[in-house]
Amino acid sequence: MAEKITPRSTSYSDWYIDIVTQAKLADYSPVKGSMVIRPRGYALWEKIQGTLDRMFKETGHSNAYFPLLIPQGFLQKEAEHVEGFAPELAVVTHGGGAELDEPLVIRPTSETIIWAMYKKWIQSYRDLPLLINQWANVVRWEKRTRLFLRTTEFLWQEGHTAHSTKEEAVEETKRMLDVYRTFAEEYMAVPVLTGVKSESEKFAGAVDTYAIEALMQDKKALQAGTSHFLGQNFAKAFDVTFQNKEGGLDHVWATSWGVSTRLIGALIMAHSDDNGLVLPPRLAPTQAVVVPIFKTSNKEQVLDYANGIFQEIRKTLGTEFNRVILDDDEANSPGWKFAEWEMVGVPVRVELGPRDMENKKVVLVRRDTREKEFVDASAAPARIKELLEEIQQNLYQKALAFRQENTFAANTYDEFKAYFDGEGGGGFVTAPWNGDAGIEAKIKEETKATIRVLPFGNEEQALGKTCIFSGEPAKYLAVFAKAY
RNA sequence: CGGGAUGUAGCGCAGUGGCUAGCGCGCCUCGUUCGGGACGAGGAGGCCGCGGGUUCGAGUCCCGCCAUCCCGACCA
């Protein structure tokens with residue numbers, strides 16, 4: 001009965017799938033490459049959404065909703081954009097029983113339809129900046145899919161802003177990247193590298209793409225969020241101009257930025273273990289579960305005791321639905337419940353039975369280390385609150401230490417290759433690079449490693465160094481990794 | 001798009017041309033249990049992926065199709 005989770009050491013990829021399915025986060029749908037997000041997975045997404053949504057609003061953005069279907073011609077207006085997305089488009093050719101005059105594409109991202117609308121809405125510098133976000137689903141026809149990390153349809157948020165100056169747009173791009181970094185580190189407990197994407201890795205249609213990159217437990221990198229400076233590319237493609245203070249006409253400057261349900265994949269792969277999901281308390285839909293241990297003869301007394309403590313904990317942690325759960329189910333044994341709640345990643349488990357009742361104690365078990373502690377019942381709610389904070393910090397520190405242990409600097413190409421060699425190979429490897437895309441492609445072919453990010457301001461640090469791939473003067477200190 | 005695998009009960013699987021298709025888990029009922037995935041008894045549950053063919057007889061053999069998963073190339 002115990003649905004086992006494949007240990008990470010046996011197969012990281014099977015482990016990941018087992019976590020997702022056994023913790024009931026998602027399930028395969030009948031359509032290839034798409035998935036159903038189940039209530040536990042969706043609750044997690046709602047936590048992510050709620051937090052980010054607040055952060056977006058605090059930085060001045062408003063939500064809106066743009067339609068799913070986009071005229072095919074819109075995509076074609078921006079040359080690089082269409083080229084980048086053409087292979088991934090789902091196209092609707094029929095509607096209402098008849099063939100459409102112009103096919104519609106299901107949005108792979110919404111720049112085009114949004115900029116078609118911005119053209120109508122922006123006339124003057126007084127209309128700027130325009131700061132809009134939308135929560136939506138998008139479809140990208142992927143050849144190879146993986147639950148949460150890459151599915152044909154996924155949920156995300158996409159911010160689209162319009163500005164009167166380049167400086168302001170660049171500032172916005174960086175601001176939102178910083179929002180993502182803060183969110184990843186403080187809520188997801190996942191440390192991230194930030195920086196610029198290389199030319200070949202950037203978003204189709206962007207001038208610059210900034211990203212946050214996280215290291216997973218298998219030493220592969222995961223791009224967890226992107227923020228794009230779009231320059232005037234879309235403004236020009238859609239002819240969006242505004243009248244400036246001096247009365248002249250300028251094209252609008254743009255940004256876009258997004259994170260997706262992929263973040264759930266990042267959470268799983270950053271923290272979870274062979275016993276199941278491990279969630280950072282700030283995002284855990286359920287932070288604590290109370291498991292009473294009773295038999296028929298003492299059921300009432302124990303449940304009474306448990307319920308009293310449960311109510312006290314609720315007062316401390318909040319009464320939000322499911323934030324604290326009392327598992328008084330009679331069908332399953334305590335041992336079964338322990339394993340089950342560990343599997344689904346509840347950060348703190350409160351065990352209490354007749355012995356605890358006698359001593360006015362409870363047992364607290366933290367999910368991250370699985371350590372038990374015995375505390376006075378009256379002190380439990382406050383201690384749980386502390387524990388949640390400790391777990392949050394511990395997860396971050398563990399992930400940070402892991403990243404540090406797996407971050408290297410390569411001085412020669414041989415050394416570089418050695419870091420990515422074999423089963424245990426991987427991590428972030430920094431190397432001086434001359435900026436040549438051909439070399440980047442060759443490295444990818446030979447080692448599977450790609451440039452994840454060019455850390456901000458690292459051109460200066462690269463000064464005087466030699467590109468270890470070409471022998472030419474280095475332009476950047478690039479961070480390489482094998483990536484998802 | 002290439003390579004590999006798999007389609008039999010809700011899930012995981014067994015089934016060597018021959019009777020009424022099985023096992024484990026889960027599910028339902030009753031009882032006993034209950035401090036790390038309890039036990040007994042009794043039950044319910046099947047278009048054997050789909051379509052052809054061979055055969056007295058096909059889950060099993062042959063042909064075709066479909067689907068999904070995993071691994072690679074392309075991508076958040």
Side-chain angles (χ1 to χ4, degrees), chain A residues 1-6 11-14 16-18 21-22 24 27-35 84-89 108-109 137-158 180 197 200-204 206 209 211-214 221-228 256-266 275-276 291-299 302-303 328-343 349-358 361-363 365 370 372 374 441 444-445 448 450 483-484:
Chain A
M1 50 157 296
E3 280 103 44
K4 279 281 188 255
I5 293 174
T6 308
S11 165
Y12 193 81
S13 144
D14 287 348
Y16 177 79
I17 293 164
D18 287 347
T21 54
Q22 302 298 341
K24 298 190 172 72
D27 204 350
Y28 293 102
S29 94
V31 176
K32 177 184 166 63
S34 59
M35 68 172 183
F85 282 107
E88 308 178 22
L89 292 180
T109 178
N137 57 340
V138 288
V139 166
R140 297 181 186 177
W141 218 263
E142 298 289 351
K143 307 271 190 209
R144 187 171 163 204
T145 58
R146 212 144 147 39
L147 294 169
F148 285 115
L149 298 177
R150 181 168 295 106
T151 46
T152 298
E153 177 186 0
F154 58 95
L155 303 184
W156 78 344
Q157 107 347 262
E158 47 180 327
Y180 291 155
K197 283 288 183 183
S200 62
E201 297 272 335
K202 78 174 190 194
F203 174 70
T209 290
I212 55 171
E213 291 277 335
L222 183 77
Q223 177 173 304
T226 49
S227 184
H228 314 290
S256 70
W257 27 273
V259 297
S260 70
T261 34
R262 171 179 257 202
L263 289 180
I264 294 173
N275 298 305
V291 180
I293 296 149
F294 56 85
K295 30 181 124 187
T296 319
S297 58
N298 61 17
K299 182 177 136 193
V302 175
L303 281 182
D328 56 2
D329 187 289
E330 290 177 48
N332 295 310
S333 69
W336 189 91
K337 292 176 183 177
F338 298 164
E340 183 68 11
W341 290 115
E342 273 178 15
M343 172 104 78
R349 181 171 72 245
V350 184
E351 305 175 1
L352 45 91
R355 288 207 297 275
D356 305 306
M357 193 166 66
E358 249 169 66
K361 296 264 185 188
V362 300
V363 183
V365 190
R370 301 174 82 218
K372 292 189 178 191
F374 300 79
K444 182 177 179 184
E445 203 183 311
K448 304 254 190 267
T450 52
Y484 275 97

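Per chain, numbering begins at 1; letters A, B, ... match sequence-line order.
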Can you name the ring pair (Phe, Tyr, Trp, His ring centres under 6.0 Å) partners of Tyr28(A), sequence neighbours left out?
-> none
Tell me what Lys197(A) touches on the nucleic acid: a base, only sugar-phosphate, or nothing, going by heavy atoms under 4.0 Å.
-> nothing
Taking atom C1' of A76(B) as reference, at what distance in whole Å does atom OH of Tyr180(A) sit?
-> 11 Å
Just call it for Ser200(A): base, sugar-phosphate, or nothing, with non-hydrogen atoms closer than 4.0 Å on any strand.
-> nothing
Can you find a heavy atom in the side chain of Met357(A) that is under 4.5 Å from one in the side chain of Val302(A)?
-> yes
Sorted by chain and number, sequence neighbours left out, ring pair (Phe, Tyr, Trp, His ring centres under 6.0 Å) with Phe154(A) holds for Trp156(A)
Give a yes/no verdict on base stacking between A76(B) and Phe154(A): centres under 5.5 Å, planes within less than 30° of parallel.
-> yes
Of Gly33(A) and Glu342(A), whose closest RNA chain B nucleotide lies nearer the 5' terminus?
-> Glu342(A)
Only counting residues at least two apart or in another chain, list the ones meeting ring pair (Phe, Tyr, Trp, His ring centres under 6.0 Å) with Tyr16(A).
-> none
Complement of A38(B), any strand, by Watson-Crick or G-U distances under 3.5 angstrom | U32(B)
Describe the nucleic acid contact of Glu142(A) in one word from base, sugar-phosphate, nothing, applying a heavy-atom distance below 4.0 Å.
-> base
Within the structure shown, what part of the strands sits under 4.0 Å from Lys143(A) by heavy-atom distance: base, sugar-phosphate, or nothing?
-> base
Return the set of residues passing side chain to side chain donor-acceptor pair (under 3.5 Å) with Glu445(A) (not counting sequence neighbours), or none when no residue passes.
-> none
Using the C1' atom as the reference point in each nucleotide, state the distance between A58(B) and G15(B) in Å, no decimals.
-> 13 Å
Side chain to side chain donor-acceptor pair (under 3.5 Å) partners for Asn137(A), two or more places apart = Arg107(A), Glu153(A)
Between Glu351(A) (CD) and G36(B) (C1'), how many Å, whole number?
-> 8 Å
Between G12(B) and U8(B) - P atom distance, rounded Å | 8 Å
Same-atom distance (P) from C48(B) to C71(B), integer angstrom = 31 Å
Ring geometry between His228(A) and Phe203(A) (parallel below 30°, tilted from 30 to 60°, perpendicular above 60°) = parallel
Which part of the nucleic acid, if any, lies within contact of Val138(A), taking any heavy atom under 4.0 Å across all strands shown: a base, the sugar-phosphate backbone alone, or nothing?
-> nothing
A correct 5'-to-3' footprint of nucleotides 27-34 of chain B, with B, S and - meaning base, sugar-phosphate only and no protein heavy atom under 4.0 Å, is -------B
Mate of G72(B) across any strand shown (Watson-Crick or G-U wobble, both atom pairs under 3.5 Å) is C1(B)
Within the structure shown, what part of the strands sits under 4.0 Å from Arg370(A) by heavy-atom distance: base, sugar-phosphate, or nothing?
-> base
Considering only nitrogen or oxygen atoms on both sides, find all protein atoms under 3.5 Å from nucleotides 2-8 of chain B and state each distance.
none

Set of side chain to side chain contact (heavy atoms under 4.5 Å, CB included) partners for Thr6(A), sequence neighbours left out = Thr10(A), Ser11(A), Asp14(A), Asp18(A)
Give one of base, sugar-phosphate or nothing for Asp14(A), where a contact means two heavy atoms less than 4.0 Å apart.
-> nothing
Only counting residues at least two apart or in another chain, list the ones meeting side chain to side chain donor-acceptor pair (under 3.5 Å) with Glu213(A).
-> Lys197(A), Arg452(A)
Taking side chain as C-beta onward, heavy atoms only, is Val259(A) less than 4.5 Å from Gln157(A)?
-> yes
G42(B) versus C47(B) - spacing of their P atoms, nearest Å = 26 Å
Toward the 5' end of RNA chain B, which comes first, Lys444(A) or Ala339(A), by nearest nucleotide?
-> Ala339(A)
Given atom CZ of Phe85(A) and atom C1' of C74(B), what is their separation to the nearest angstrom?
-> 13 Å
In whole Å, what separates the C1' atom of G17(B) from that of C1(B)?
-> 39 Å
Here the distance between atom P of U68(B) and atom CG of Leu147(A), to the nearest Å, is 14 Å
Whole-Å distance between G35(B) P and Asn298(A) CG?
-> 11 Å
Expressed in whole Å, how much space separates the C1' atoms belonging to C62(B) and C69(B)?
-> 26 Å
Excluding sequence neighbours, so at least two apart, what forms salt bridge (Lys or Arg N to Asp or Glu O under 4.0 Å) with Arg349(A)?
-> Glu342(A), Glu351(A)
For G3(B) versus G18(B), give the span between their C1' atoms, rounded off to a whole number of Å.
-> 38 Å
Got a sec, which residues hit side chain to side chain donor-acceptor pair (under 3.5 Å) with Ser13(A), two or more places apart in sequence or on another chain?
-> none
Taking every non-hydrogen atom, the tightest pair across Thr152(A) and Glu142(A) = OG1-N, 4.4 Å
P atoms of G46(B) and G10(B), separation to the nearest Å | 8 Å
What is the nucleic acid contact for Pro87(A), judged by heavy atoms within less than 4.0 Å: base, sugar-phosphate only, or nothing?
-> nothing
Show me the protein contacts with nucleotides 43-45 of chain B, counting only N or O atoms at under 3.5 Å.
none

